[in-house]
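First up is the structure itself, then whatever we jot down about it.
Positions are given from 1 along the sequence. Please read all numbers here as calculations on a predicted model, not as lab measurements.
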Amino acid sequence: MTVPTTSDRPRKLAGYDFYHQILGSPKLIVAPMVDQSELAWRILSRRYGAELCYTPMINAKMFSPPSAHAYRAQSFNTSFLEEGSTTHDRPLIVQFCANDTAQLLTSALAVQDHCDAVDINLGCPQDIARKGHYGSFLMDEWELIYRLINTLHLNLSVPVTAKFRIFPSIEKTVAYAKMLESAGAQILTCHGRLRTQRGQNSGLADWAHIKAVKEAVGVPVFANGNVLFYEDVEKCMQETGVDGVMSAEGQLYNPALFAPASCGEPSSMLRGAHPPHADLALEYLDIVKSIKTPTATSAVKGHLFKIMRPALSRETDLREKLGKIRGSNVIEEYIEVAKEMKERMERDIAEAVQSGKTIDDLVTIEPTTGLRVPPHWLAQPYFRPLKSNSLAYTFAIVKV
């Protein structure tokens, strides 16, 4: 998909004109994830069907000072002409958290020529957001939120968008969304969870709130929450009527979440792509090596633990080795671990074939949730049942 640069645009488009003409009508969207939706991951994600990606959340307070060279290089590094480039990284939305209009505007102006829109994080439920007074902890300060959005709407050459969490009542959630739209947000992403739904208490996202938001506003709406498998995308769009579906955790554990199963994949139970996770790990590491933009070691390690999670609980020596890798040659050492994992998984595949079992024979059903669990050598979502509610589940981690 070829996306025009900011300087090529004669005027700032809005709403559906922006969604269709600039973004290319994306339906499959990679969420902003702290230390996880970095450039290398975005490149991998686009290979497997992602049509729009967000950067990790950037703190405008830390990004805005003229002296913030190190933080800028760490969070959105344009010096290598890769982040935000039309050849590597579009369409792209850069996300900021903020509670100060001047800091937010300074930060957004610095990136507007390298992205297609700037998003404001109104959904982070973590303690760091409480302490920093941003994300979902601004939900009750509608006048401040209005000013944050409207300042960017009036002063940027690209649109402003917003990602937010829901209130307990649908009525208040809809009123909130309409306020965000009136402030100038050109796309709304509704994460169908409350501010209190995080960690072990994440539970299920409420698609009814998302549907109500979609029906109430005139700008494109993206849904976030409950997307674990490829077919969940279509189900979410049908039930909510949204324009696109965003995934965070589901896509972290299976970066091929947005890709349909290929004709050669022998399973009638898995409609989406579930490639061997060791192959995905090696492909990701190859991208990390191939680009000039540095990738934080913490991001790389985090991705490897998530991608290969189904087998790391079995191959405990590799899990231990992966956790201990340090020093200046970490990528090569990560590659060696992934190669060893690939060999062991090929061993297990050979044993399954020899026993006459098919992929469908090896897919099990998690008894509490009823969700499918592919064999341990395939990329797959990660969830754990909630003790208090046998019909709910929660992801292992929560991102914004």
Side-chain angles (χ1 to χ4, degrees), residues 28 30 36 41 44-45 47-50 202 204 225-236 245 247-285 302-316 318-319 322 337-386 390-397:
L28 309 173
V30 175
Q36 297 284 261
W41 188 258
L44 177 68
S45 301
R47 290 182 182 179
Y48 289 94
S202 290
L204 291 168
N226 301 353
V227 176
L228 290 170
F229 293 92
Y230 176 77
E231 51 268 40
D232 292 336
V233 173
E234 181 179 354
K235 181 180 179 183
C236 180
V245 172
S247 177
E249 280 80 6
Q251 198 267 344
L252 278 181
Y253 289 95
N254 179 13
L257 172 69
F258 292 140
S262 66
C263 296
E265 293 181 14
S267 174
S268 60
M269 297 182 68
L270 302 173
R271 289 179 51 194
H274 293 264
H277 52 67
D279 290 347
L280 288 171
L282 288 167
E283 185 175 1
Y284 168 69
L285 289 167
H303 284 307
L304 296 180
F305 269 108
K306 293 178 184 66
I307 295 172
M308 298 190 292
R309 185 210 59 83
L312 285 173
S313 60
R314 305 161 63 100
E315 310 296 335
T316 55
L318 293 184
R319 181 179 64 191
L322 186 61
V337 171
K339 285 182 176 178
E340 176 62 27
M341 178 65 81
K342 179 178 173 64
E343 291 181 7
R344 296 187 190 185
M345 295 302 96
E346 289 175 344
R347 171 204 65 198
D348 293 351
I349 294 170
E351 291 177 0
V353 171
Q354 189 174 8
S355 67
K357 294 181 178 179
T358 66
I359 293 295
D360 284 350
D361 294 330
L362 297 168
V363 173
T364 60
I365 303 297
E366 203 285 323
T368 304
T369 62
L371 296 174
R372 291 153 292 163
V373 181
H376 63 273
W377 54 80
L378 297 181
Q380 56 194 269
Y382 178 40
F383 57 90
R384 60 173 180 249
L386 282 172
S390 62
L391 297 178
Y393 62 84
T394 182
F395 292 105
I397 58 173

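- Atom OG1 of Thr316 sits about 12.5 Å away from atom CG of Leu322, to the nearest 0.5 Å.
- Residues Ser313 and Arg319 come closest through the heavy atom pair CA-NH1, 3.9 Å.
- Side-chain contact between Arg344 and Leu318 is present, with at least one heavy-atom pair separated by less than 4.5 Å.
- Within the 4.5 Å cutoff, the side chain of Arg47 has heavy atoms near those of the Glu283 side chain.
- Residues Ala281 and Ala338 share a closest heavy-atom pair of CB-CB, 4.3 Å.
- The shortest non-hydrogen separation linking Asn226 to Asp232 is O-OD2, 3.8 Å.
- Ion pairing between Glu346 and Lys342 holds under the 4.0 Å rule for side-chain N and carboxylate O.
- The shortest heavy-atom contact between Gly356 and Asp361 is O-OD2, 4.2 Å.
- Inter-residue side-chain proximity for Leu285 and Leu304 is flagged as met; some heavy-atom pair is nearer than 4.5 Å.
- Taking NZ of Lys357 as the reference point, atom CD of Glu351 lies at 10.5 Å (rounded to 0.5 Å).
- Put simply, the side chain of Leu28 reaches to within 4.5 Å of the side chain of Val233, judged on heavy atoms.
- Using a 4.5 Å heavy-atom threshold, the side chains of Pro374 and Ile359 count as separate.
- In plain terms, the two heavy atoms of His274 and Leu378 that are nearest each other are O-CD2, 3.1 Å.
- Contact record, Ala379 with Leu280: CB-CD1, 3.6 Å, taken as the closest heavy-atom pair.
- Here Arg372 contributes atom CZ and Glu231 contributes atom CD; the two are 4.0 Å apart, rounded to the nearest 0.5 Å.
- Atom CD of Gln251 sits about 12.0 Å away from atom NZ of Lys306, to the nearest 0.5 Å.
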Query - Intermediate values then yes/no, side-chain contact (heavy atoms from CB on, under 4.5 Å), Tyr253 and Arg309 - result: CA-CA 8 Å; Tyr253 289 95; Arg309 185 210 59 83; 4.0 Å; yes
Query - Pair Leu252-Trp41, side-chain contact (heavy atoms from CB on, under 4.5 Å): steps then yes or no - result: CA-CA 9 Å; Leu252 278 181; Trp41 188 258; 4.1 Å; yes
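- Within the 4.5 Å cutoff, no side-chain heavy atoms of Ser45 are placed close to those of Phe258.
- Counting only distance, with no hydrogens or angles, the side chain of Gln380 and the backbone of Val373 share no donor-acceptor pair below 3.5 Å.
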Report task. In sequence, state the C-alpha distance, the side-chain angles, and the governing distance for Asn254 and Tyr48, and then conclude on side-chain contact (heavy atoms from CB on, under 4.5 Å). Result -> CA-CA 10 Å; Asn254 179 13; Tyr48 289 94; over 6 Å; no
Requested in this report: Please step through side-chain contact (heavy atoms from CB on, under 4.5 Å) for the pair Met341 and Met345, ending with a clear verdict.
Outcome: CA-CA 6 Å; Met341 178 65 81; Met345 295 302 96; 3.8 Å; yes
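- In this structure, Gln354 places its CD atom where only 12 or fewer heavy-atom neighbours from other residues, nucleotides or ligands lie under 6.0 Å away.
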